[in-house]
S.K.: 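The following block contains the structure, expressed as structure tokens.
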Amino acid sequence: MALKAVHVSDVPNLDQVPENASLALYSTRFSKGVEMGRVASRIPKFLVIGHRGNGMNALQSSDRRMRAIKENSIASFNSAANFPIDFVEFDVQVTKDDCPVIFHDNFILSEENGTVFERRVTELCLSEFLCYGQQREAGKEGKTLLRKTKDGKIVRWDVEKDDSLCTLQEAFEQVEPSLGFNIELKFDDYVVYEQDYLINVFQAILQVVFNYAKDRPIIFSSFQPDAALIVKKLQSTYPVFFLTNGGTELYYDVRRNSLEEAMKLCLEGGLQGIVSEVKGVFRNPGALTKIKEAKLSLLTYGKLNNVAEAVYMQYLMGIEGVIVDLVQEITEAVSDMIKPTTDEDVGDKNLLEGDGKMQMQVKSKPEFSQRELSFLLKLIPELIQL
């Protein structure tokens, strides 16, 4: 069920943006040069973004890398920061006592005396939320943390390197400061949210961001169309991207059902870009041209982004960045496949040639002629449908 429609023009702006709040979309580790506003931000390089930090936890996966570090934790964020990554993506919800916390699932599960208990994260106060899982205080034992898998099984949330649950403020205070934050505003698809509730949630989140972000690059994103529109209306400092499955799943709210609808929402609401499931882009590569013509940025997420060849194909297509689980492997692959031919200090004149795109040399890459690339772009949508 979609969010209840709201009149975005009636939402008040916040007046608490500090003078030093960063307007940069990209990590200070890399070239800046950004144009904000309705005109798309200029992305100076191909971005790699760590999904929930160093990668999501797939607890039943046979791949140990998917259970290496607790997702959405300080340990996971700082582990990702050890690699040449631009941002970490994570999910933010707000507790009953108005504290923004980092947690993906709508419900948190535990077990006591053989009985499984399920609590909605947003109905917990902060102290209750922090009682689950590993505890910060030595010798203190937290409530057992379980997780429900997509097929409905309930399993223990066991990982090789555990860490405690954390707040958004702690992430700002304890994570490498040059690492950008892609803050996903997390909501339940099956709940209708009133406008006043949404504004209260965003004000709690923005208060923390404005107080602690300093010069850290920030991107907001949300799958909920009205949520994205409202957070854009509440502040103009940080870019807002609309998350979409790109038509790979269908929802009651038609704005969520295609790249074309996502583009329309961004243009009407002044959003800076789209984050799409990569299969949605591969199924509909023609939408990429329209998105570029609209001067919107396009990033992708999805399992295919853990395949180096799929990431390289997106680079060739002109997609501006990928959200990945296998941070080490994909950053190494991107560094190996996409390497500038010039030093960082060389002026833009030397970097531009022909159509104005930076000329790159690629090591260990598949070599495609323009005709072969055109053929692949026609073939991929058919393969994705299989």
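What you see is a predicted model; the values in this text were computed from it and never measured.
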S.K.: Are side-chain N/O atoms of Asn257 and Tyr252 paired as donor and acceptor at under 3.5 Å?
M.R.: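 The answer is no; no qualifying pair exists.
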
S.K.: Taking atom types as modelled, is there a side-chain donor on Asn245 or Tyr251 under 3.5 Å from an acceptor on the other?
M.R.: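 A pair is found: one side chain offers a donor N or O, the other an acceptor, under 3.5 Å apart.
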
S.K.: CD/Glu128 to CZ/Arg119 distance, rounded to the nearest 0.5 angstrom?
M.R.: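 Rounded to the nearest 0.5 Å, the CD-CZ separation comes out at 5.0 Å.
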
S.K.: Have a look at Glu160 and tell me which of Arg64, Arg67, Arg65 forms a side chain to side chain donor-acceptor pair (under 3.5 Å) with it.
M.R.: Arg64

S.K.: Quick one: does any side-chain atom of Gln235 pair with a main-chain N or O of Thr237 as donor and acceptor, under 3.5 Å?
M.R.: yes

S.K.: Ignoring hydrogens and geometry beyond distance, is a side-chain donor-acceptor pair present between Ser221 and Asn182 at under 3.5 Å?
M.R.: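 Yes, a side-chain donor-acceptor pair sits under 3.5 Å.
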
S.K.: For Lys279, is there any backbone N or O sitting under 3.5 Å from a side-chain donor or acceptor partner on Glu277?
M.R.: yes

S.K.: Say you draw a straight line from CG of Leu145 to SG of Cys131; how long is it, rounded to the nearest 0.5 Å?
M.R.: 12.0 Å

S.K.: Would you please classify the geometry between the Phe129 ring and the Phe103 ring as parallel, tilted or perpendicular, with 30° and 60° separating the classes?
M.R.: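 Perpendicular, since the angle between the ring planes exceeds 60°.
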
S.K.: Would you say the side-chain atoms of Asn305 pair up with the backbone N or O of Val322, donor to acceptor, closer than 3.5 Å?
M.R.: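 It does not hold such a pair.
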
S.K.: Taking the six-membered ring for Trp, are Phe187 and Phe223 ring centroids under 6.0 Å apart?
M.R.: no

S.K.: Which other residues belong to the hydrophobic cluster containing Leu146, where Ile, Leu, Val, Met, Phe, Trp and Tyr are joined when side-chain heavy atoms lie under 4.5 Å apart, directly or via other members?
M.R.: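 Reading the cluster by chain and number, Leu146 sits alongside Phe107, Leu109, Val116, Ile154.
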
S.K.: Tyr132, Met56: one ILVMFWY side-chain cluster at the under-4.5 Å cut-off?
M.R.: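 No; Met56 is not reachable from Tyr132 via cluster members.
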
S.K.: Linking I/L/V/M/F/W/Y whenever their side-chain heavy atoms sit closer than 4.5 Å, directly or via other members, would Leu124 and Val201 fall into one cluster?
M.R.: no

S.K.: May I ask you to decide if Cys125's main-chain N or O and Asp97's side chain share a donor-acceptor pair within less than 3.5 Å?
M.R.: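 Checking the backbone N and O of Cys125 against the side chain of Asp97, no donor-acceptor pair under 3.5 Å is found.
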
S.K.: Does either side chain, that of Ser61 or that of Asp63, offer a donor lying less than 3.5 Å from an acceptor on the other one?
M.R.: no

S.K.: Donor-acceptor check, side chain of Glu176 to backbone of Ala80, threshold 3.5 angstrom: yes or no?
M.R.: no

S.K.: Quick one, Tyr238 and Phe210 - any side-chain contact, counting heavy atoms below 4.5 Å?
M.R.: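 They are in contact (side-chain heavy atoms under 4.5 Å apart), so the answer is yes.
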
S.K.: From Lys292 NZ over to Leu298 CG, what is the distance, rounded to the nearest 0.5 angstrom?
M.R.: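 Reported to 0.5 Å precision, the distance equals 8.0 Å.
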
S.K.: Closer than 3.5 angstrom, by distance alone: can the side chain of Tyr212 be matched with the main-chain N or O of Glu170 as a donor-acceptor pair?
M.R.: no

S.K.: Judged by atom type as modelled, is there a donor-acceptor pair below 3.5 Å linking the side chain of Asp86 to the main-chain atoms of Val48?
M.R.: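 Present.
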
S.K.: Could you tell me whether Arg216 sits above the aromatic face of Phe172, with NZ or CZ closer than 6.0 angstrom to the six-membered ring centre and within 45 degrees of the axis?
M.R.: no

S.K.: Is a side-chain donor or acceptor of Asp253 paired with a backbone partner of Gln224 at a separation under 3.5 angstrom?
M.R.: no

S.K.: Carefully, step by step, assess Phe117 and Lys143 under the rule side-chain contact (heavy atoms from CB on, under 4.5 Å).
M.R.: CA-CA 11 Å; Phe117 295 91; Lys143 294 181 179 179; over 6 Å; no

S.K.: With sequence neighbours left out, write down each residue that passes salt bridge (charged side-chain N to carboxylate O under 4.0 Å, His left out) with Glu71, or none if nothing qualifies.
M.R.: Arg52, Arg147

S.K.: Any side-chain to backbone donor/acceptor pair from Thr300 onto Ser276? Under 3.5 Å, distance only.
M.R.: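 Absent.
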
S.K.: side-chain contact (heavy atoms from CB on, under 4.5 Å) between Val159 and Asp162: does it pass, once the steps are laid out?
M.R.: CA-CA 6 Å; Val159 292; Asp162 207 350; 4.1 Å; yes

S.K.: Nearest 0.5 angstrom please: Glu332 CD to Gln328 CD, how far?
M.R.: 4.5 Å

S.K.: So among Ile102, Val209, Val88, which one has a side-chain contact (heavy atoms from CB on, under 4.5 Å) with Ile183?
M.R.: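 Testing Ile183 for a side-chain contact (heavy atoms from CB on, under 4.5 Å) against Ile102, Val209, Val88 leaves exactly one candidate, Val209.
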
S.K.: Would you please classify the geometry between the Phe181 ring and the Phe77 ring as parallel, tilted or perpendicular, with 30° and 60° separating the classes?
M.R.: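 Plane angle between 30° and 60°, so tilted.
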
S.K.: Let me confirm one number: the CZ-CZ distance from Phe242 to Arg255, rounded to the nearest 0.5 Å.
M.R.: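 Between Phe242 CZ and Arg255 CZ, I get 7.5 Å after rounding to 0.5 Å.
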
S.K.: Roughly how far, to the nearest 0.5 Å, is the OG1 atom of Thr289 from the CE atom of Met317?
M.R.: 8.5 Å

S.K.: Report the residue from Val94, Asp98, Ile205 that forms a side-chain contact (heavy atoms from CB on, under 4.5 Å) with Asn200.
M.R.: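 Looking at Val94, Asp98, Ile205, the match for Asn200 under the side-chain contact (heavy atoms from CB on, under 4.5 Å) is Asp98.
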
S.K.: Take Ile319 and Val278, measure what side-chain contact (heavy atoms from CB on, under 4.5 Å) needs, and give me the verdict at the end.
M.R.: CA-CA 10 Å; Ile319 291 167; Val278 60; 5.8 Å; no

S.K.: Using distance alone, with no hydrogens and no angle criterion, decide if Glu260 and Asn284 have a side-chain donor and acceptor under 3.5 Å apart.
M.R.: yes

S.K.: Take Gln60 and Asp151, measure what side-chain contact (heavy atoms from CB on, under 4.5 Å) needs, and give me the verdict at the end.
M.R.: CA-CA 11 Å; Gln60 292 185 299; Asp151 58 4; 4.0 Å; yes

S.K.: Identify the residue among Ile199, Val240, Asp226 that makes a side-chain contact (heavy atoms from CB on, under 4.5 Å) with Val231.
M.R.: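 That would be Val240; it is the only one of Ile199, Val240, Asp226 passing the side-chain contact (heavy atoms from CB on, under 4.5 Å) with Val231.
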
